Amino acid sequence: PLTILGTIALFISSNSSTGASVFIVFDVGRRIQIPSLFDFGLINSVRDMWKAGVYPLSIIVALFSGIWPYLKLVLMLISFVMPASLLNPRKRHNILMILDATGKWSILDSYVMILMLVAFHFNIEFPGVDQDTKGSIINVYVYAAYGFFTLILGTIISLFLSHIITHLHRSLDEHPDQNKGEKAESYTALISFTESNFLGKKFFISILLFLTLGLVLIGSFISSFSFYFHGLAGYALDLFEIPPHREYSVIELGFNVPKSYEDPNDGVIRFTQIIYFLTVFFMPVAMLINVIILWFVPLPRRAQKFFYTTAEILNAWSCLDVFVIAIIAAILEISQFTSFIVGDKCDAINPFISKYFYQTLDGHNTCFEVQAYLQSGCLFLFIAAIIFFISSNVVMKVCRNALDERLPDNVKEYLRIRKDGDKISKLLSFSNNTDNTNNETTLKMNNNEKSIVSNINNSARTTRNNDISEIEN
């Protein structure tokens with residue numbers, strides 16, 4: 001509980017601090033840095049995006065980075081401290097599974113910031129008067145600040161907390177004999193415990209796994225989106241034969257994150273790069289490979305349960321779908337948001353630009369503008385993200401059912417009794433009060449419920465104590 005409360009405090013600290021700042025740095029023999037043109041922070045970014053009319057991005061960032069992290073931690077705290085008498089273990093399990101699978105969406109704002117960091121960076125080097133004279137350099141950088149780093153750190157801690165609480169819940173809920181017996185101890189592939197014909201689940205899941213893995217690999221290496229500098233900045237880049245148009249794949253974007261920073265070896269930016277590669281590429285690929293092993297390789301149930309739990313953890317860290325949403329948000333809103341950031345800083349020269357450069361700038365009569373575009377390869381990336389999201393949920397459910405099929409019969413019976421325990425307890429409670437209920441209440445029950453209650457009324461007086469004791473055990 002203290003760690004959960006500490007993480008909430010960390011998120012509050014992060015959200016109320018500056019996440020990143022935009023700077024222009026001149027190198028004219030000595031380094032000259034202009035004060036920050038714009039500061040990104042969760043609160044002011046949501047407010048400024050709303051003022052700029054960037055409503056979808058404002059709502060997405062506010063929801064996933066401003067509300068959801070706190071809601072998740074509060075629900076985790078409730079699940080951890082609430083006794084079973086108030087929170088049914090099955091309901092607790094469902095809550096923890098949802099929190100474990102959706103906690104990654106807190107990192108959405110960090111991906112948007114990474115895209116901004118790469119999108120806003122450009123470098124213009126003016127040649128010197130001769131070969132021995134160093135030219136001037138203009139750099140535009142986005143500096144990652146305290147709020148950016150702590151948001152990522154808080155999300156990571158939150159994910160670890162979710163895994164720990166889920167593990168504690170399951171360790172108290174598992175039957176000691178679940179991995180015993182011939183069926184559980186034999187080396188058998190999990191696919192063998194899925195009932196289907198050739199065109200049924202076995203074939204569908206097998207094809208889906210390899211299809212998803214192929215799409216994720218292809219979609220990660222093909223150029224999917226691009227940033228284009230317009231206005232006077234784009235003209236200057238083109239004038240000095242620097243391409244104003246930059247295409248990126250998922251992998252290329254990761255390698256360009258340090259290059260977009262003034263100090264490529266800064267600890268914060270390298271940490272950001274590692275988290276980006278892990279969550280957007282390596283975790284989804286590792287999760288799919290893990291499930292392929294779980295599905296096809298003959299193993300005892302204990303080993304398969306380990307691979308299943310590992311797959312759940314890897315899936316919780318696989319953020320390809322979150323990153324795709326960040327790309328879509330950037331494509332739709334980055335140009336309008338850039339115009340808002342520039343604001344009135346170019347008002348003094350915009351009339352001059354419009355008068356003398358309107359034909360050259362193709363209507364982008366401003367000093368600085370960035371637009372994002374989708375490339376043809378985005379189709380593979382978007383389909384990969386959609387298929388990964390679907391397959392990870394479908395395949396994990398099928399694997400869970402197949403693992404249950406490997407349970408010994410006595411464990412299955414135990415689980416059946418426990419599953420029906422609440423319903424039976426309610427019916428027993430109802431049977432205790434049937435003498436005090438009127439016919440109107442009885443008429444509201446269907447025939448099946450009447451039969452169940454009637455049978456319980458006839459036998460409960462002699463066996464109720466034993467039955468309740470067995471259910472509680």
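Here the structure is a predicted model, which is why all the values come from computation and not from measurement.
Residue pairs meeting the salt bridge (charged side-chain N to carboxylate O under 4.0 Å, His left out) criterion with at least one member in residues 391-402, sequence neighbours excluded, are Arg400-Asp404. Applying the salt bridge (charged side-chain N to carboxylate O under 4.0 Å, His left out) definition to pairs two or more places apart or across chains, those involving residues 95-117 are Lys104-Asp321. Among residue pairs with one or both ends in residues 389-408, none qualify as ring pair (Phe, Tyr, Trp, His ring centres under 6.0 Å); sequence neighbours excluded.
Note: Thr188 OG1 to Leu299 CG = 9.5 Å, rounded to the nearest 0.5 Å. From Ile78, atom CD1 reaches atom CD1 of Ile95 across 8.0 Å, with rounding to the nearest 0.5 Å. In this structure, CD1 on Ile114 lies 9.5 Å from CD1 on Ile275, to the nearest 0.5 angstrom. Distance check: Leu208 CG to Ile390 CD1 gives 8.5 Å after rounding to the nearest 0.5 Å. If you take CG on Leu73 and CG on Leu161, they are separated by 7.0 Å, rounding to the nearest 0.5 Å. Note that CG of Leu253 and CD of Glu247 are 13.5 Å apart. Values are rounded to the nearest 0.5 Å.
Checked against a 6.0 Å centroid threshold, the rings of Phe282 and Trp317 do not count as neighbours. For Phe281 and Phe323, the ring centers sit 6.0 Å or farther from each other. For Phe271 and Phe149, the ring centers are positioned less than 6.0 Å apart. Aromatic pair Phe227/Tyr373: ring centres not closer than 6.0 Å.
Remark: the backbone N or O of Asp39 is paired with a side-chain donor or acceptor of Asn44 at under 3.5 angstrom. Distance alone, capped at 3.5 Å, is enough to place a donor-acceptor pair between the Arg92 side chain and the Ser79 backbone. With hydrogens and angles ignored, the 3.5 Å screen pairs a side-chain donor or acceptor of Ser14 with a backbone N or O of Leu151. Judged by distance alone, the side chain of Ser249 and the main-chain N or O of Ser224 form no donor-acceptor pair under 3.5 Å. Lys72 contributes no side-chain N or O that, together with a main-chain N or O of Thr102, makes up a donor-acceptor pair within less than 3.5 Å. Judged by distance alone, with hydrogens and angles left aside, the side-chain atoms of Ser65 form no donor-acceptor pair with the main-chain N or O of Ala62 at under 3.5 Å.
Nearest heavy-atom pair across Ala311 and Met287 is O-CG, 3.7 Å. What you find for Leu381 and Gly219 is that their closest heavy atoms are CD1-O, 3.7 Å.
Residue Tyr261 forms a ring pair (Phe, Tyr, Trp, His ring centres under 6.0 Å) with just one option from Phe120, Tyr141, Tyr143, Phe148, and that option is Tyr143. When each of Gln304, Arg301, Arg406 is checked for a side-chain hydrogen bond (donor to acceptor under 3.5 Å, both in side chains) with Asn179, only Arg301 meets the rule.
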- Item | Derivation and outcome, ring pair (Phe, Tyr, Trp, His ring centres under 6.0 Å), residues Phe255 and Phe277 | CA-CA 9 Å; Phe255 284 118; Phe277 273 124; 5.1 Å; yes

- Task: Would you sort out whether Cys399 and Leu294 count as a side-chain contact (heavy atoms from CB on, under 4.5 Å), showing the intermediate values?
- Result: CA-CA 8 Å; Cys399 290; Leu294 175 65; 3.8 Å; yes

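Aromatic ring orientation, His245 versus Tyr228: tilted (interplanar angle from 30° to 60°).
When the shell of 6.0 Å around OH of Tyr276 is examined, it contains more than 12 heavy atoms from other residues, nucleotides or ligands.
Of the charged side-chain nitrogens involved, at least one lies within less than 4.0 Å of a carboxylate oxygen, so that Arg170 and Glu312 count as a salt-bridged pair.
The shortest side-chain heavy-atom distance between Leu288 and Phe388 falls under the 4.5 Å cut-off. By the 4.5 Å heavy-atom criterion applied to side chains, Leu374 and Ile331 are counted as neighbours.
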